[in-house]
Amino acid sequence: MNDNDGKKTLGVRGGGSRPGNVKQSFSHGRTKNVVVETKRKRVVMPKPGGAAGGAASKSLAGGDPSKRPAGITDAEMERRLKALQAAKAREGEEAAQREAEEKAREEERQRRREEAEAKEREERERAERARQKAEEDERKRLESEESAKKAAAAASAAVPDEPAAARGAPAKQAQPARKQDNKTDRNERPARGKGRDDGRRSGKLTLNQALSGGEGGRQKSLAAMKRKQERARQKAMGGNEAREKVVREVKLPEAIVVSELANRMAERVSDVVKALMQNGMMVTQNQSIDADTAELIIEEFGHKVTRVSDADVEDVIDAVEDKPEDLQPRPPVITIMGHVDHGKTSLLDAIRDAKVVAGEAGGITQHIGAYQVTTESGTVLSFLDTPGHAAFTSMRARGAQVTDIVVLVVAADDAVMPQTIEAINHSKAAGVPMIVAINKVDKPSANPDKVRTDLLQHEVIVEAMSGEVQDVEVSAVTGQGLDELLEAIALQSEILELKANPNRAAEGAVIEAQLDVGRGPVATVLVQKGTLKQGDIFVVGEQYGKVRALISDTGERVQEAGPSVPVEVLGLNGTPEAGDVLNVVETEAQAREIAEYREKAAKDKRAAAGAATTLDQLLAKAKEDQNVAELPILVKADVQGSAEAIVQAMEKIGNEEVRVRVLHSGVGAITESDIGLAEASGAPVLGFNVRANAPARNSANQKGVEIRYYSVIYDLVDDVKAAASGLLGAEIRENFIGYAKIKEVFKVTGVGKVAGCLVTEGVARRSAGVRLLRDDVVIHEGTLKTLKRFKDEVPEVQSGQECGMAFENYDDIRPDDVIEIFEREEVERSLD
């Protein structure tokens with residue numbers, strides 16, 4: 001409870017038959033009095049610790065029972081005394097605590113005061129040092145000027161017409177005045193404020209500060225002071241001394257800019273421009289001059305000339321011959337060649353125990369593939385699988401150029417065909433040994449002897465007919481003869497004694513190149529010499545880059561790739577051409593310079609090939625364009641080799657009245673810029689294993705540009721032939737009715753993987769055909785096994801609804817893949 005004066009009261013209730021209360025009042029932590037209340041009367045006790053308090057304590061302790069208040073027992077009185085003693089002890093503790101806190105605060109104030117004094121003293125010392133340095137610099141400046149004056153006076157003393165008094169008087173009279181001015185400047189220099197960083201200038205820059213180099217201005221270096229004194233001395237002694245001419249070796253290209261020429265000679269640009277004007281050439285520093293004129297200017301300035309060509313930038317690529325002791329054995333590179341559908345890829349699948357052909361459109365190889373196989377005996381073999389279609393002539397030629405052994409696959413039930421003959425010619429032109437694999441011998445209609453006989457017409461004599469070419473009867477289905485084929489390859493490689501130097505800068509050939517949405521430009525490279533390592537800087541054709549990653553044929557990342565090892569290279573700045581040579585260089589600047597030179601040379605070559613230079617050529621070209629009907633097209637493919645093959649096939653279509661003109665060909669998805677070019681030229685866009693992205697589809701719908709998609713090169717070539725010749729019969733046209741995006745993939749027992757999809761466009765029908773797109777590239781084409789809405793099987797699902805889809809005999813589906821739903825219909829063709 002609180003008293004009226006605001007004092008805190010501590011109440012102690014006693015025991016016994018007559019309970020009483022002991023009240024102890026505090027004011028600012030100190031005890032004022034003790035009040036003991038009972039039911040009969042109220043006793044006020046004095047403050048303990050004094051004389052009265054001591055007496056009261058003694059009487060209460062039982063020293064004088066007659067003075068003890070009535071009704072208080074001994075036990076009760078002892079408890080009250082203990083409470084008084086505890087209060088007194090707390091008062092002592094609080095007083096000691098207050099003294100300790102006061103002492104700590106005093107020590108803190110003393111420490112801060114000492115720190116402030118030390119900081120102020122340091123600022124004063126810094127300001128004093130700056131002032132002394134400024135005075136020292138001023139003194140040196142005066143001394144240098146005085147020495148210069150004396151030198152000038154000594155030089156002028158040699159002139160007899162000038163009196164000595166006139167020479168000496170002005171200098172002596174000016175000296176005291178200058179000293180007085182300097183003294184005034186030092187007095188007027190503002191003092192540095194306390195706590196200010198001496199690296200900053202306070203206030204505005206005054207004339208005195210600028211002349212004296214004081215606070216806030218930049219101090220002159222010792223070297224600058226020495227140069228100034230040297231110039232003053234040379235001026236006093238009669239002028240500057242001529243510097244010794246430095247003769248430089250100037251590399252001179254076929255054309256050079258005037259400013260760059262002056263830079264290479266280390267001469268002033270104005271002097272070079274002046275020399276050119278004196279020779280009758282009114283040019284500026286930003287204009288180019290030819291090499292002959294530049295050579296005259298260089299010789300006029302006294303330098304040496306070294307004429308270089310733009311092609312010299314490629315000299316950094318090492319063309320060294322490997323020493324015999326540095327060569328080590330390497331795996332052979334085997335190329336599988338032959339006519340289309342003779343079982344090349346199936347035979348390679350049987351060797352690799354893979355299923356590559358299942359992923360190819362129509363079961364036909366559309367790309368050139370590179371694989372490495374380790375046989376049971378431990379022999380490592382590198383295989384190249386080339387397409388057999390007629391359009392892929394250049395790809396087969398590349399395969400023959402980079403290979404060591406050609407395996408010619410001929411079907412026993414079909415014998416020698418046109419692409420078989422072409423493969424034989426490629427092999428002979430490259431000077432590569434051949435092994436004939438007679439495939440499909442398990443078929444009832446197989447006739448291996450007919451194959452051997454037909455090969456005689458093309459000067460290929462097999463061992464069974466007393467020749468030197470090995471022949472093996474194999475079956476990719478049953479596995480018959482595979483071991484004999486591998487033995488024949490190993491025997492042929494031992495005869496060749498294939499070796500390479502792995503300890504040198506890598507060199508390889510680009511087998512295939514493509515533009516991957518997630519990884520950028522990717523090139524499949526077969527290393528031929530040296531070892532390609534992660535981090536190497538390389539140039540390949542008109543592109544360059546740094547190896548960011550190396551991916552093996554099994555999809556694993558590797559740190560390096562030696563001779564005869566095929567790898568995917570990531571890190572290019574653009575998509576190279578298939579067949580380009582990859583060379584490792586030392587610096588990125590060299591790689592960029594080589595790539596830019598090659599790009600410029602290729603552009604000039606294309607421009608020269610397409611330009612009509614004479615009047616007769618112009619007239620002939622105009623007449624040809626007037627009489628020939630053109631079918632313009634745009635081609636986009638998934639890989640560089642396919643685009644090249646399509647372009648070459650298009651060039652062969654046509655006659656003297658009709659021809660096909662490829663406006664543009666490229667790698668990657670169809671973009672909005674392709675649609676713009678197609679609209680301007682009135683051309684359709686042909687996509688081979690690629691699709692148009694969403695902006696391109698919308699733009700095509702708005703502008704009325706036709707986009708056709710193909711997965712087999714047969715269909716593309718046949719359609720273009722029919723359109724160009726006007727022989728348009730009934731065709732199977734695809735109508736795209738919808739797109740669905742995979743949100744999640746579920747595994748259902750008895751069904752397999754089911755894709756949880758959202759229909760984003762159009763409608764999804766159970767009876768329609770479907771394609772699986774990953775990054776706008778076709779991964780799979782087939783039909784649906786099931787189409788469910790919740791738990792019910794439904795015939796179709798509208799746009800904006802979710803559904804479940806499962807593919808027929810295909811389970812490689814991932815989230816974010818896109819399902820393209822289409823229907824086929826027969827329509828009559830007509831030329832508009």
Side-chain angles (χ1 to χ4, degrees), residues 1-129 191-200 202:
M1 57 183 296
N2 295 333
D3 295 336
N4 295 331
D5 56 356
K7 302 171 183 176
K8 296 180 181 178
T9 305
L10 174 64
V12 181
R13 182 178 297 276
S17 60
R18 294 180 178 180
N21 292 329
V22 178
K23 294 184 178 179
Q24 183 174 0
S25 301
F26 297 88
S27 178
H28 303 290
R30 299 185 180 183
T31 305
K32 289 187 66 179
N33 53 30
V34 177
V35 181
V36 180
E37 291 182 356
T38 66
K39 291 185 178 180
R40 294 183 179 180
K41 60 181 179 179
R42 182 173 182 270
V43 180
V44 179
M45 300 177 64
K47 173 184 174 183
S57 300
K58 291 178 181 178
S59 64
L60 289 173
D64 191 356
S66 61
K67 296 181 180 179
R68 182 184 307 166
I72 303 299
T73 62
D74 292 342
E76 180 68 22
M77 187 55 67
E78 179 136 1
R79 281 195 296 272
R80 296 179 181 182
L81 284 175
K82 286 181 180 179
L84 292 174
Q85 290 172 359
K88 185 176 180 181
R90 283 195 299 273
E91 180 185 3
E93 291 176 358
E94 291 174 357
Q97 185 177 0
R98 284 194 302 274
E99 290 177 1
E101 291 176 354
E102 185 65 28
K103 185 177 180 181
R105 282 194 293 271
E106 183 63 30
E107 290 177 353
E108 180 66 18
R109 285 194 293 270
Q110 182 67 21
R111 185 182 62 80
R112 291 180 179 176
R113 190 163 47 250
E114 290 176 355
E115 288 180 355
E117 291 176 356
K119 188 174 181 180
E120 185 177 357
R121 187 167 51 253
E122 184 180 354
E123 292 291 337
R124 286 198 300 269
E125 291 176 356
R126 189 183 296 119
E128 181 64 23
R129 287 197 298 270
R192 189 183 305 275
K194 294 182 180 179
R196 186 181 296 277
D197 187 4
D198 57 354
R200 297 174 179 266
S202 62

**Ion pair Glu106/Arg109, N-O distance below 4.0 Å** = yes
**Prompt:** Roughly how far, to the nearest 0.5 Å, is CD of Gln97 from CD of Glu101?
**Reply:** 5.0 Å
**Request:** First locate atom CG of Asp74, then atom CZ of Arg79, and finally report the distance between them rounded to the nearest 0.5 Å.
**Result:** 11.0 Å
**Request:** In plain terms, say whether Arg80 and Glu76 are close enough for a salt bridge, that is, a side-chain N and a carboxylate O under 4.0 Å apart.
**Result:** yes
**Item:** Residues which pass side chain to side chain contact (heavy atoms under 4.5 Å, CB included) with Glu115, listed by chain and number, not counting sequence neighbours
**Value:** Arg111
**Request:** Could you tell me whether Arg126 and Glu122 make a salt bridge, using a distance below 4.0 angstrom between a side-chain N and a carboxylate O?
**Result:** yes
**Message:** For a side chain to side chain contact (heavy atoms under 4.5 Å, CB included) check, start with the C-alpha distance between Glu128 and Arg124, then their side-chain angles and the critical distance, and finish with the verdict.
**Reply:** CA-CA 6 Å; Glu128 181 64 23; Arg124 286 198 300 269; over 6 Å; no
**Request:** Using side chain to side chain contact (heavy atoms under 4.5 Å, CB included) as the criterion, point out the one residue from Arg105, Arg112, Gln110 that pairs with Glu108.
**Result:** Arg112
**Item:** Arg121 side, atom CZ; Glu114 side, atom CD - distance, nearest 0.5 Å
**Value:** 9.5 Å
